[in-house]
Participant: 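This structure is in structure tokens; I'll ask about it shortly.
Protein chains get the first letters and strands the later ones, always in sequence-line order, with residue 1 at the start of each.
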Amino acid sequence: MKEKRSLSIYNSLSGKKEPFVPLHEGHVGLYVCGPTLYSEPHMGNMRTFINFDFIYRCLRHLGYQVKYVRNITDAGHITNSAGQEIDSIGSAARLEQVQSLEIVYKYNVKFQELQRLYNLLPPTIEPTATAHIQEQIEAIELILEKGFAYVENGSVYFDVQAYSKSFHYGTLSGRKIDELAQETRALNAQDEKRFFADFALWKKANPEDMQVWRSPWGNGNPGWHIECTAMSTKYLGKQFDIHGGGMDLKFPHHEDEIAQNCGAFGCNPARYWMHANMLNVNGQKMSKSFGNFFLPKELVEGTSPLFKKAYSAPAVRFFMLQAHYRSTLDITDEALSASEKGFERLLEGLSLVGGLSPGTQSTIDIYPVIAAAEAAICDDFNAPLLIASLFDAVKHVHAIQDGKATLNAEDLAALTQFFTTMVQGVLGIETPAKEENHRLAGVMDVVLHLRQNAREQKDWTTSDLIRDGLAKAGIQVKDSKDGTSWH
RNA sequence: GGUCUCGUGGCCGAGCGGCUAGGCACCGGUCUGCAAAACCGUAUACUCCGGUUCGAAUCCGGACGAGACCUCCA
């Protein structure tokens with residue numbers, strides 16, 4: 001009996017929130033630009049994937065059947081927009097003195113580990129670029145047939161000038177070609193391109209290239225943008241509902257993807273473009289080139305010099321979702337530890353709600369809270385607002401726990417269902433499994449029993465000695481009405 | 001230089017024309033042998049200057065400041 005709600009999504013194409021209308025009722029085609037496997041994904045990369053994982057979960061929660069395609073780039077991007085040729089994976093391979101495939105395999109394993117660590121649902125399909133060379137070649141052929149590309153010395157370039165006669169180049173980024181011409185930084189001697197804004201669809205192989213594929217134009221490598229066009233078309237069609245990715249991909253990558261798709265099929269690949277904002281460190285984008293990045297692993301292990309302690313993956317995920325996906329988020333030790341406390345409070349609420357007993361009648365109305373949460377999801381996937389409503393629910397849970405309020409069986413079931421669905425299903429936060437150390441637990445039972453005896457005899461010296469001693473050992477004792485616990 | 005985004009209380013971070021965001025910290029309270037923990041509660045805000053409006057953090061213009069993109073980037 002899920003209420004039909006109208007979802008609205010901020011569309012980067014229009015710069016506005018728009019009501020979401022899927023191409024096929026009840027179904028959503030979602031394509032997200034995934035990682036390039038030339039290094040271990042850093043925390044900034046993970047923020048984008050966490051955000052889109054949340055969006056994916058929201059769409060499913062709203063009852064949509066979602067086909068979620070997230071590509072894996074395992075072919076080095078060959079670009080020459082600045083007259084330079086960069087094969088990221090090949091470079092990494094040379095640096096590590098191994099073959100390209102080893103690089104790709106190594107970092108793919110790491111990425112899969114991170115997906116599990118941060119509780120990312122597996123996409124419906126995770127296609128790789130190297131497994132779709134044929135599709136990329138076919139897409140390039142189609143663009144050539146339509147007259148929006150040209151072959152030059154074994155390479156194929158997208159012809160932006162020809163394209164501009166039929167389509168508007170710059171719909172997504174708002175860039176204008178003549179402005180671009182002036183803005184483009186000093187270039188090296190122009191190469192085979194006819195026009196500065198042209199970009200490579202296929203690049204002729206260099207002698208030192210490790211990965212090379214055959215094509216109608218000779219041996220070479222696919223261009224940076226064409227894999228997304230080829231794979232999104234294959235798995236989602238010429239046009240689908242939502243295309244997502246990091247903000248930094250908006251230009252030129254997504255702009256060129258649009259040009260390719262329009263050039264090949266006459267339509268924008270996606271009706272809604274969504275861009276996740278950057279993770280900042282000290283107010284600046286986390287980036288390989290700034291050197292201010294850290295790895296997800298370092299955060300979980302507490303080995304990054306930026307942070308005083310370790311933060312669990314669910315806590316980090318929660319921290320990320322406390323900011324809206326379209327806002328930049330500055331990650332600092334202070335912000336993270338503040339968020340962690342709230343995170344624990346939420347988990348406490350989650351564990352309490354299951355143990356509550358129903359009353360004969362309800363003295364509080366929980367449905368406004370549930371409605372607020374659903375509305376937050378529908379308002380451009382507003383995770384922070386959703387979390388705020390969950391904290392309202394936590395207050396209700398405590399009130400019931402303290403006997404200050406009651407819920408009848410039906411309402412209590414609704415609250416419990418709501419809480420677990422939102423925290424685990426939608427936010428994707430799994431309670432971290434408590435590490436059970438039976439021997440320590442046995443020792444603690446004895447120690448706390450001794451302390452309890454001392455307390456009953458008002459032997460405060462002994463009881464405080466035990467308490468302070470445990471504190472030094474990193475164990476905190478918590479006294480409450482129901483007894484003493486520790487962690 | 002061009003294009004765009006953003007400036008919210010001690011910190012993080014929502015809201016985007018009128019109605020308490022939320023979390024953390026602070027302060028007060030309950031509990032406690034004292035603490036801690038836990039729970040409850042109060043307070044503090046919208047960079048500046050103009051304009052529109054009965055009414056603006058919220059819309060428009062300007063100033064200042066920050067960031068992103070224009071080059072590989074999630």
Side-chain angles (χ1 to χ4, degrees), chain A residues 15 32-36 38-39 41-52 76-77 79-84 86-88 91 170 173-176 179-187 224 244-253 255 275-280 283-290 293 318-319 322-324 326-332 334-346 348 372 376 379 382-392 394-395 398-399 401-402 404 455 458-460 463-464 467-468 471 476-482 484-487:
Chain A
V32 174
C33 289
T36 299
Y38 68 104
S39 64
H42 64 237
M43 212 52 233
N45 299 317
M46 291 312 288
R47 156 126 119 133
T48 297
F49 300 135
I50 289 170
N51 275 140
F52 280 105
H77 291 154
T79 60
N80 71 341
S81 47
Q84 293 174 323
I86 298 153
D87 170 3
S88 46
S91 306
S173 61
R175 293 200 155 78
K176 295 184 176 65
E179 280 172 2
L180 273 172
Q182 296 163 359
E183 293 156 17
T184 303
R185 294 172 195 180
L187 300 179
W224 177 22
M247 199 76 107
D248 48 359
L249 296 182
K250 204 168 173 182
F251 187 89
H253 183 242
E255 194 68 73
H275 290 95
N277 217 141
M278 301 290 102
L279 182 67
N280 287 179
Q284 202 175 33
K285 173 186 169 182
M286 181 178 288
S287 156
K288 288 255 159 65
S289 34
F290 293 150
F293 68 95
F318 175 79
F319 168 72
Q322 265 193 308
H324 188 84
R326 276 195 288 121
S327 302
T328 54
L329 173 64
D330 213 335
I331 188 165
T332 61
E334 202 186 0
L336 215 39
S337 71
S339 168
E340 188 186 41
K341 288 182 186 165
F343 169 69
E344 280 162 5
R345 185 154 184 258
L346 188 68
E348 180 68 11
D379 185 9
N382 196 321
L385 214 49
L386 166 63
I387 289 170
S389 76
L390 286 171
F391 280 110
D392 288 339
V394 169
K395 279 201 172 130
H398 285 302
Q401 173 77 6
D402 295 347
K404 290 173 185 157
R455 293 181 75 199
K458 299 199 193 298
D459 179 2
W460 311 127
S463 74
D464 289 355
R467 182 218 283 161
D468 298 343
Q476 192 187 26
V477 170
K478 294 181 180 180
D479 294 322
S480 75
K481 276 180 187 165
D482 308 323
T484 302
S485 61
W486 59 275
H487 80 259

Participant: Which sits closer to the 5' end of RNA chain B, A:Glu348 or A:Met247, going by the nucleotide each is nearest to?
Facilitator: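 Comparing both residues, the 5'-ward one is A:Glu348.
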
Participant: Considering residues at least two apart in sequence or located in another chain, which fulfil the side-chain hydrogen bond (donor to acceptor under 3.5 Å, both in side chains) criterion with A:Ser463?
Facilitator: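 A:Ser463 satisfies side-chain hydrogen bond (donor to acceptor under 3.5 Å, both in side chains) with no other residue.
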
Participant: Using the side-chain contact (heavy atoms from CB on, under 4.5 Å) criterion, which residues pair with A:Ala335? Sequence neighbours excluded.
Facilitator: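 Once residues adjacent in sequence are excluded, the partners of A:Ala335 under the side-chain contact (heavy atoms from CB on, under 4.5 Å) criterion are A:Phe319, A:Thr332.
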
Participant: List RNA chain B stems (3 or more consecutive Watson-Crick/G-U pairs, under 3.5 Å)?
Facilitator: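 Only these stems qualify: B:1-7 with B:64-70, B:10-12 with B:22-24, B:27-30 with B:38-41, B:47-51 with B:59-63.
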
Participant: By a strict heavy-atom criterion of less than 4.0 Å, which residues belonging to residues 41-48 of chain A are in contact with RNA chain B?
Facilitator: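 Hits under 4.0 Å, by residue number: A:His42, A:Gly44, A:Asn45, A:Thr48.
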
Participant: Mind checking ring pair (Phe, Tyr, Trp, His ring centres under 6.0 Å) for A:Phe293 and listing every partner two or more places apart, or none if nothing turns up?
Facilitator: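 Ring pair (Phe, Tyr, Trp, His ring centres under 6.0 Å) list for A:Phe293, sorted by chain: A:His42.
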
Participant: Report the distance from atom NZ of A:Lys250 to atom C1' of B:rA68, rounded to the nearest whole Å.
Facilitator: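 These atoms are roughly 10 Å apart.
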
Participant: Could you give the distance separating B:rC60 and B:rU53 at their P atoms, to the nearest angstrom?
Facilitator: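 Comparing P positions in B:rU53 and B:rC60 gives a spacing of 16 Å.
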
Participant: Check ring pair (Phe, Tyr, Trp, His ring centres under 6.0 Å) between A:Phe318 and all other residues, then give those that pass, not counting sequence neighbours.
Facilitator: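 A:Phe318 satisfies ring pair (Phe, Tyr, Trp, His ring centres under 6.0 Å) with A:Phe343 once adjacent residues are dropped.
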
Participant: What pairs with A:Asp468 under side-chain contact (heavy atoms from CB on, under 4.5 Å), at least two apart in sequence or on another chain?
Facilitator: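 A:Asp468 satisfies side-chain contact (heavy atoms from CB on, under 4.5 Å) with A:Asp464 once adjacent residues are dropped.
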
Participant: Could you check how far CG of A:Asp248 sits from C1' of B:rU5, rounded to whole Å?
Facilitator: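 From A:Asp248 CG to B:rU5 C1': 14 Å.
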
Participant: Test of understanding: with ring pair (Phe, Tyr, Trp, His ring centres under 6.0 Å), list the residues that count as partners of A:Phe49, not counting sequence neighbours.
Facilitator: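 A:Phe49 satisfies ring pair (Phe, Tyr, Trp, His ring centres under 6.0 Å) with A:Phe111 only.
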
Participant: Can you tell me how far P of B:rC69 sits from NE2 of A:His253, to the nearest Å?
Facilitator: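 For the pair A:His253 NE2 and B:rC69 P, the rounded distance is 16 Å.
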
Participant: On a whole-Å scale, what distance lies between the P atoms belonging to B:rU71 and B:rG55?
Facilitator: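 Straight-line distance between the two P atoms is 47 Å.
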
Participant: Can you list everything that forms a side-chain contact (heavy atoms from CB on, under 4.5 Å) with A:Thr328? Sequence neighbours excluded, please.
Facilitator: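 By the side-chain contact (heavy atoms from CB on, under 4.5 Å) rule, A:Thr328 matches A:Asn277, A:Asn280.
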
Participant: Need one value for A:Gln284: base, sugar-phosphate or nothing, where a base atom within 4.0 Å counts as base even if backbone is also close, heavy atoms only.
Facilitator: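 Sugar-phosphate, no base atom in range.
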
Participant: Residues in side-chain contact (heavy atoms from CB on, under 4.5 Å) with A:Leu385, at least two apart?
Facilitator: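 By the side-chain contact (heavy atoms from CB on, under 4.5 Å) rule, A:Leu385 matches A:Ala376, A:Asn382.
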
Participant: Mind checking the C1' distance from B:rU42 to B:rA25? Whole angstroms is fine.
Facilitator: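 Going atom to atom, C1' in each nucleotide, I get 15 Å.
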
Participant: Got a list of protein N/O to nucleotides 33-37 of chain B N/O distances below 3.5 Å?
Facilitator:
residue	atom	partner	partner atom	Å
B:rG33	O6	A:Ser463	OG	3.3
B:rG33	N1	A:Asp464	OD1	3.1
B:rG33	N2	A:Asp464	OD2	3.0
B:rC34	N3	A:Arg467	NH2	2.4
B:rC34	N4	A:Arg467	NH2	2.9
B:rA35	N6	A:Asp479	OD2	2.6
B:rA35	N1	A:Asp479	OD2	3.4
B:rA35	N3	A:Arg467	NE	3.4
B:rA35	N3	A:Arg467	NH1	3.4
B:rA35	N3	A:Arg467	NH2	3.3
B:rA36	O2'	A:Gln476	NE2	2.8
B:rA36	N1	A:Asp479	N	3.2
B:rA36	N1	A:Asp479	O	2.8

Participant: Taking the P atom of each, how far is B:rA38 from B:rC26, in whole Å?
Facilitator: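 Nearest-Å result for B:rA38 against B:rC26 at atom P: 12 Å.
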
Participant: Mark up nucleotides 14-27 of chain B, 5' to 3', with B wherever a protein heavy atom is under 4.0 angstrom from a base atom, S wherever such an atom reaches only the sugar-phosphate, and - elsewhere.
Facilitator: SS-----BSSSS--

Participant: From C-beta outward on A:Phe49, which listed nucleotide comes closest to its side chain: B:rC69, B:rC39, B:rA74?
Facilitator: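 Selected nucleotide (nearest to the side chain): B:rA74.
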
Participant: For A:Phe251 and B:rC4, give me the distance from atom CZ to atom C1', rounded to whole Å.
Facilitator: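 Answer to the nearest Å: 13 Å.
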
